[in-house]
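To start, the structure under review is shown below, and the notes come after it.
In what follows, chains are A, B, ... by sequence order, proteins preceding strands, each numbered from 1.
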Amino acid sequence: MENFAPPRGMRDFYPEDYRIREYIFNAWEYAAKIYGFEFWDAPVVESMELLERKAGEEISEQIYSFEDKSKRRLALRAELTPSLARMIINRQGGLSFPLKWASIGQCFRYERMTRGRKREHYQFNLDIIGEESTTAETEVIAATLTSLEKTGLSEKEIRVHIGSRKLLVELLSEFKLSEAQLTACYMALDKKGKVSDEEINKILKNENIPEEVINKLFRVISISSLEEAESYLPENSEALKELKEFFKFSESYGISKYLKFDISIVRGLGYYTGIVFEGKAVKSNLRTVFGGGRYNNLLSSLGGRELPCVGMGFGDVVIMELLSDCRKLPGQRHGIEYIIGYMNADCAEFAQKAAAKIRKSGKSCSVGLKPEKPKQFFKKADRNNAHNAIYIGPDELESGKITIKNMKKSEDTIKSFAELP
RNA sequence: GUGGUAGUAGCUCAGUUGGUGAGAGCGUCUGGUUGUGGCCCAGAAGGUCGCGGGUUCGAUCCCCGUCUUCCACCCCA
């Protein structure tokens, strides 16, 4: 009992914190539901093997792993996608694709902490499984943006940067690059603007990337529009066709005002195969709020059917900070509709019966757990932001009449027990 | 991981160049009003001054270590 603080990187949610979390979850749930996504969930504890196979060796160092009493190697999930993949594969014969699935789950990652990064967070995932059209990308991004709009954010605060892994592969296709070299190229693009050109050059040389490829990469980095990219690409470029299609669909979804083509978006995870995207906060130094993309090979690489997928992940920590910066967090608690107090023990039963009646009507109602003086009671009613307060004393007990006080207007209404809501 | 910053009441922070009993505002509680909240007034509770060690007659203050926070870089996405 020495250290009462939560473990490093873990959070307590006091009621005022929980309220904010609920507010964000509600926005996520709202968006997922009005776009027709279905919610799913899986255990927080997964087998280490599943997480390793998907993530690769480096990330497994950041996974909280342990052995259970039967020596099974288990781990806390660091993201939701492996569990999703497992569930899809297990039922791939019986599911009718495409699926639109959503989830909100707590994920853990042992990593160094900075602003907006803890060792535990709640992640909102939207995935469309089994659809190769870029309608899937559009749909996922549109739903994500709807959740942000629900919290009061707009294109003034958020920009979605759109890139494409496939486009990069095509641009570099004239060279015969190994997987490792391609990954190094992605990393270099990712560093654009963050690190000096010399640094990028050095990194690439270390990976044995030929001089000519590096030169091409630097030309690629400077591409700032789709039209510009077009001149570098073959006539029948698939990536270009996809991107054009995607931007066309985005027009009719009404989300183009958020979008910006950005060739440097590659995403860190290895399994992306097509369009990739990152939602960034315009004000807060372009911090990444959400990200995702197309991963067409993941399920088959885990032994499942060939199923094209688009996924999006969105953490609660950054959005909380962003909303706080923009002063868009909800303030007061919602407030209960009715609160009932009583003067002495004899009045308790009457108060409890009134509360039971009000609750049967579906209205929220809190009844005192012990007798309270009127002053105490009304003060508490005020603090709880109650809409109506009912105080039962000997007078009410005798007459059977109940005074309902509207706390905002400070007006009384007298009703009989039968007239209660 | 490296460098810096900070840690004093529930919260935000003063303060002591080392000296009897450690301060404010906000919040909480009580009373002013044994049947009415917000405002006001009065009062109270609440602190091992992050933790451990050292120096000293004496440490919240100085020194060392450690943990935690925040920031930057590194790493990662």
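Candidate nucleotides C70(B), G38(B), C76(B) were compared by shortest atom distance to the side chain of Q62(A), and C76(B) ranks first. For P374(A), counting side-chain heavy atoms from C-beta on, the closest listed nucleotide (C74(B), U36(B), G37(B)) is U36(B). Of the candidates G35(B), C70(B), U36(B), U36(B) carries the atom nearest the K405(A) side chain, counting heavy atoms from C-beta on. Among the nucleotides G35(B), G37(B), C70(B), the one closest to the side chain of M113(A) is C70(B). Distances were taken from every side-chain heavy atom of D382(A) (C-beta onward) to each of C74(B), G38(B), A77(B); the shortest belongs to G38(B).
Remark: the R109(A) side chain and the C76(B) base include no donor-acceptor N/O pair separated by less than 3.5 Å. Below the 3.5 angstrom threshold, one finds a donor paired with an acceptor across the side chain of R117(A) and the base of C76(B). The base of G1(B) is paired with the side chain of R112(A) by a donor and an acceptor separated by under 3.5 Å.
The same atom, P, is picked in G25(B) and in A44(B); the two are 13 Å apart, to the nearest Å. For the C1' atom pair drawn from C62(B) and U17(B), the interatomic distance equals 11 Å after rounding to whole Å. G23(B) and G46(B) have their C1' atoms separated by 14 Å, given to the nearest Å. Straight-line distance between the P atoms of C49(B) and U20(B): roughly 14 Å, to the nearest whole Å. Nucleotides A59(B) and C51(B) are separated by 15 Å at their P atoms, to the nearest Å. Separating the C1' atom of A22(B) from that of U8(B) is a span of 9 Å, rounded to the nearest Å. Here the separation of G35(B) from U28(B), taken at their C1' atoms, is 24 Å to the nearest Å. One C1' atom belongs to A6(B), the other to C61(B), and the distance between them is 16 Å to the nearest Å.
Atom CZ in F290(A) sits about 20 Å away from atom P in A77(B), given to the nearest Å. Computed from coordinates, the D12(A) CG to U68(B) C1' distance equals 14 Å when rounded to whole Å. When rounded to the nearest whole Å, the span between OH of Y110(A) and C1' of A77(B) equals 18 Å. N406(A) has its CG atom 14 Å from the C1' atom of G38(B), to the nearest Å. In this structure, CD1 of I414(A) is placed 15 Å from P of U36(B), rounded to the nearest angstrom. Look at OH on Y391(A): it is 12 Å from P on U34(B), rounded to the nearest Å. Rounded to whole Å, atom P of G38(B) lies 19 Å from atom CD of E411(A). Whole-Å rounding puts the F378(A) CZ to U34(B) P distance at 15 Å.
Among the protein residues, K380(A) comes within range of no part of the nucleic acid, since none of its heavy atoms lies under 4.0 Å from any strand. Across all strands shown, K375(A) has heavy atoms under 4.0 Å from base atoms, whether or not it also approaches the sugar-phosphate. Here E396(A) lies in heavy-atom contact (under 4.0 Å) with a base. At a threshold of 4.0 angstrom between heavy atoms, the contacts of E16(A) with the nucleic acid are absent.
Under the 4.0 Å criterion applied to side-chain N and carboxylate O atoms, R267(A) and E278(A) are assigned as salt-bridge partners. A salt bridge links D41(A) with R77(A): at least one charged nitrogen is closer than 4.0 Å to a carboxylate oxygen. Under 4.0 Å is where a charged nitrogen must lie from a carboxylate oxygen, and between E242(A) and R294(A) no such pair does. A salt bridge links D316(A) with R11(A): at least one charged nitrogen is closer than 4.0 Å to a carboxylate oxygen.
Shown are Y30(A), Y122(A), Y18(A), F13(A); of these, the ring-ring contact (aromatic ring centres under 6.0 Å, His included) with F25(A) is made only by Y122(A).
Listed by first then second residue, pairs satisfying ring pair (Phe, Tyr, Trp, His ring centres under 6.0 Å) with a partner in residues 292-320 of chain A read W28(A)-F314(A), Y271(A)-Y295(A), F290(A)-F314(A), not counting sequence neighbours.
Inspection of the E396(A) and Y391(A) side chains reveals no N or O donor paired with an N or O acceptor under 3.5 Å.
Comparing K373(A) and P7(A) along RNA chain B, the residue whose closest nucleotide (by nearest heavy atom) sits nearer the 5' end is K373(A). When each of Q376(A) and D412(A) is assigned the nucleotide of RNA chain B bearing its nearest heavy atom, the one mapping closer to the 5' terminus is Q376(A).
Helical stems of RNA chain B (runs of at least 3 Watson-Crick or G-U pairs, donor-acceptor distances under 3.5 Å) are listed by first residue: B:1-4 with B:70-73, B:10-13 with B:23-26, B:28-32 with B:40-44, B:50-54 with B:62-66.
Enclosure of atom NZ in K241(A) is not indicated, since only 12 or fewer non-hydrogen atoms of other residues, nucleotides or ligands lie within 6.0 angstrom.
In this structure, Q92(A) contributes its side chain and R305(A) its backbone to a donor-acceptor pair below 3.5 Å.
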